[in-house]
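The shown structure was predicted, so the numbers you read here are calculated from the model rather than taken from an experiment. Remember, it's 1-based here, ligands and their atoms both numbered in the order they're listed. Both backbone and side-chain heavy atoms feed into the values below; hydrogens, waters and symmetry mates do not.
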Amino acid sequence: MNSFENLGLSKAILEAISELGFETPTPIQEQAIPILLDGRSDFVGLAQTGTGKTAAFGLPLLELIEPQVKIPQALILSPTRELGIQIADDLKTFSKNILNLNVVNVYGGASIEEQIRKLKRGAHVIVATPGRLLDLIRRKAVNLSAVEYLILDEADEMLNMGFKEDIDAILSSTSEEKVTWLFSATMPAEVRRISKNYMTDPVEVTVGKANTTNKNIEHQYYMLNNRDRYNVLKRVVDFYPDIYGIIFCRTRKETQEVAELLMKDGYNADALHGDLTQVQRDRVMRNFKNKSLQLLVATDVAARGIDVDDLSHVIHYNLPDELEFYTHRSGRTARAGKKGISIALVTPREERKVKDLSRRLKADFEQVKIPVGKEVCERQLMNFMHRVNEVEVEEEEIAPFIDGINEELENLNREELIKRFVSLEFNRFWEYYKNADDLNLKSTTQRRNKKEGSNGEDRLFINIGKKDGIDVPRLLNLIHKQCGVRGKNVGRVDLKGVFSFFDVDNGFTDEIIKGFAGAVIGGRKIRIEVSGDRPSESGHRKGRSRGGERSRGDRGRGDRRDRGYRKDSSKDRRGKGDGKRNFDRKRKEA
Ligand SMILES: Nc1ncnc2c1ncn2[C@@H]1O[C@H](COP(=O)(O)OP(=O)(O)OP(=O)(O)O)[C@@H](O)[C@H]1O
């Protein structure tokens, strides 16, 4: 194996990276650094997420900069401020032993005057987001004519964000002589186009197979009903008490909603997306990086390229449409040779996306059972036991209280004592989970059987039928409009003259009855009730009405919201605040 010394790096840099614990170069570093040190060719480096691409371009770049020449010699463009800050911080750390080498970071949402001042003091390397840099160019606060090295990081994302024109304008103020380097974990068509449009005969280095995911990531997926998505998320989080991860959503709105629900339910979570102010984003990122925030709910853009140590999980609340997005998302875990788990929450309809990802990324995706309540309780309990085992006892501080404690507990033997201590933790979870649904979807055959038979379904009577102009699509449409229940949850429909029957997954029965309550259709007041028996055409039936004593598993009788969100998130949890408490405690113990 090669060493950093053999790659031609200077002592100043070798010492700095050795302090960071970089012992041997990663494959992309090993291959890229000698070529880039030569400094003469355009370059495309493709390597999986978390394999040290920043140092692969950063180290040779810093070697090539001449500190005594006080003009900007290198420009690094980054799609987001967070990534820009991260790159600039890395470069500052790598170059801390090089005298008078200035890395200046400019981005939107912060004082432009302050950035102008910093640029005036002299910048050798500028790390910038495109919008702000363009602004600075227009104000003539920066001169890029002597830039010799241009680095495009996460370039496809910059194009996705609509920065193409800005980038073109920026590049037109740089010299033709510069060399351009591009690093990426994926090679979507945009990256290809960029290398064609902005580079001349680039040297291309690919480590591993292009577009494959980091092999240290374990890919899992849970199959669920769409309406259970949030409850499954909470269950996964509860099943991994020490989880430290990012939950990816598709839109800013969904990101904010999921984060708010999690916070309301007592989890240590926060949102990161483009609708937040920079101050908010900074606070969230800082808290997440220093591990006082356990769960970051983020959009693809906001978390692109983010390097946070030791993330245990990435959760795809919804799968992204693009394969590359999946790769970048899941690559937030398993960085620098560590392991991590990527979990996708998918409905049966989305399962083909998983198959497609698996085929195209050449990675196995394992379908994992959603833990049932008892399993979550067991996990939490064992985690609590582990913490008991590991906790550092503050002998001196606790000593004054020991006599009083012993007195209070003197009637309890060891076994009793253990049970009671454990119950303090266990009861909260048990209370919450004892009646929790099994959120696993039945297999396709079971689902089919369920549709055909009466198992898990109710047969509903409704007093409208063919004579009211009702056909199957109209009835399904009506149920959806009136109650929010989709046609796929409705089984067999029997249309009669002035009434009809339809089978429905009994989890939706209340919703439907409630949805039709008080409804008037075609001038007729709608009557809907659970039918006990198959009726005769005369309409005679042994029906049970709305108040009937059907068993409905642990479904509540509230509205959809109660069912989807609140039910699995009883107020008890708030007091419990388990996520934060466990996490904080763990950190203190570590
Ligand atoms: N040679 C090395 N030895 C040990 N750790 C390293 C080495 N090189 C980089 N790292 C660490 O690996 C982590 C990932 O590096 P980096 O952020 O550059 O990955 P990346 O390839 O750019 O990932 P992404 O494609 O997701 O942006 C960082 O925390 C970095 O400090």
Query raised in the report: Would you say Glu23 and ligand 1 have an N/O pair spaced under 3.5 Å apart?
Result: no

Query raised in the report: Identify the closest protein heavy atom to atom 27 (O) of ligand 1: which residue and atom is it, and at what distance?
Result: Glu154 OE2, 3.4 Å

Report task. Taking the side chain as every heavy atom from C-beta outward, state whether Arg335 and Leu311 have any atom pair closer than 4.5 Å. Result -> no

Query raised in the report: Can the ring centres of His313 and Tyr244 be said to be less than 6.0 Å apart?
Result: no

**Report entry** Under-4.0 Å heavy-atom contact with ligand 1, by part of Gln29 that carries it
**Finding:** side chain

Report task. Using non-hydrogen atoms of the residue, decide whether Gly305 is closer than 4.0 angstrom to ligand 1. Result -> yes

Requested in this report: Please could you name the atoms of ligand 1 that Thr51 approaches to less than 4.0 Å, counting only its heavy atoms?
Outcome: 19 (O), 20 (P), 21 (O)

Requested in this report: Identify, by atom number and element, the atoms of ligand 1 in contact range of Arg332, meaning under 4.0 Å from any of its heavy atoms.
Outcome: 24 (P), 26 (O)

**Report entry** Option from Tyr149, Phe183, Trp181 for which ring pair (Phe, Tyr, Trp, His ring centres under 6.0 Å) with Phe57 holds
**Finding:** Phe183

Query raised in the report: atom 6 (C) of ligand 1: which protein heavy atom is closest, and how many Å away?
Result: Phe22 CE1, 3.4 Å

Query raised in the report: What protein heavy atom sits nearest atom 14 (C) of ligand 1, and how far off is it?
Result: Asp307 OD1, 3.5 Å

For residues 99-112, dump all side-chain donor-acceptor pairs below 3.5 Å to protein atoms at least two apart in sequence or in another chain.
| residue | atom | partner | partner atom | Å |
| --- | --- | --- | --- | --- |
| Asn102 | ND2 | Gly122 | O | 3.0 |
| Ser111 | OG | Glu113 | N | 3.4 |
| Ser111 | OG | Glu114 | N | 3.0 |

Query raised in the report: Does the side chain of Ile315 reach to within under 4.5 Å of the side chain of Val236, using non-hydrogen atoms?
Result: yes

Query raised in the report: Which of the atoms of ligand 1 are close to Phe4, meaning less than 4.0 Å from one of its heavy atoms?
Result: 1 (N)

Report task. May I ask you to establish whether Arg250 and Tyr317 are in a cation-pi arrangement, using a distance under 6.0 Å from NZ or CZ to the six-membered ring centre and at most 45° from the ring axis? Result -> no

Query raised in the report: What about Ala185: any of its N or O atoms under 3.5 Å from an N or O on ligand 1?
Result: no

Requested in this report: Without swapping roles, check the side chain of Asn97 against the backbone of Ala12 for a donor-acceptor pair under 3.5 Å.
Outcome: yes

Query raised in the report: Does any N or O in the side chain of Thr186 come within less than 3.5 Å of the main-chain N or O of Pro188, such that one atom is a donor and the other an acceptor?
Result: no

Requested in this report: Considering heavy atoms of the protein only, find what lies nearest to atom 17 (O) of ligand 1 and give residue, atom and distance to 0.1 Å.
Outcome: Arg335 NH2, 2.9 Å

Report summary line: heavy-atom search around atom 12 (O) of ligand 1 in the protein gives Ala336 CB, 3.2 Å

Query - Partner residues of Thr347 under the side-chain hydrogen bond (donor to acceptor under 3.5 Å, both in side chains) criterion, sequence neighbours left out - result: Glu350

Requested in this report: Could you check atom 25 (O) of ligand 1 against the protein and tell me its nearest heavy-atom contact, residue, atom and distance included?
Outcome: Lys53 NZ, 2.6 Å

Report summary line: The closest protein heavy-atom partner of atom 18 (O) of ligand 1 is Thr54 OG1, 2.7 Å

Report task. Pick one of side chain, backbone, both or neither for how Thr24 approaches ligand 1, counting any non-hydrogen atom pair under 4.0 Å. Result -> backbone

Query raised in the report: Is Gly50 close to ligand 1, meaning an N/O of one under 3.5 Å from an N/O of the other?
Result: yes

Query - Heavy-atom donor-acceptor pair, Ser292 side chain to Phe288 backbone, under 3.5 Å - result: no

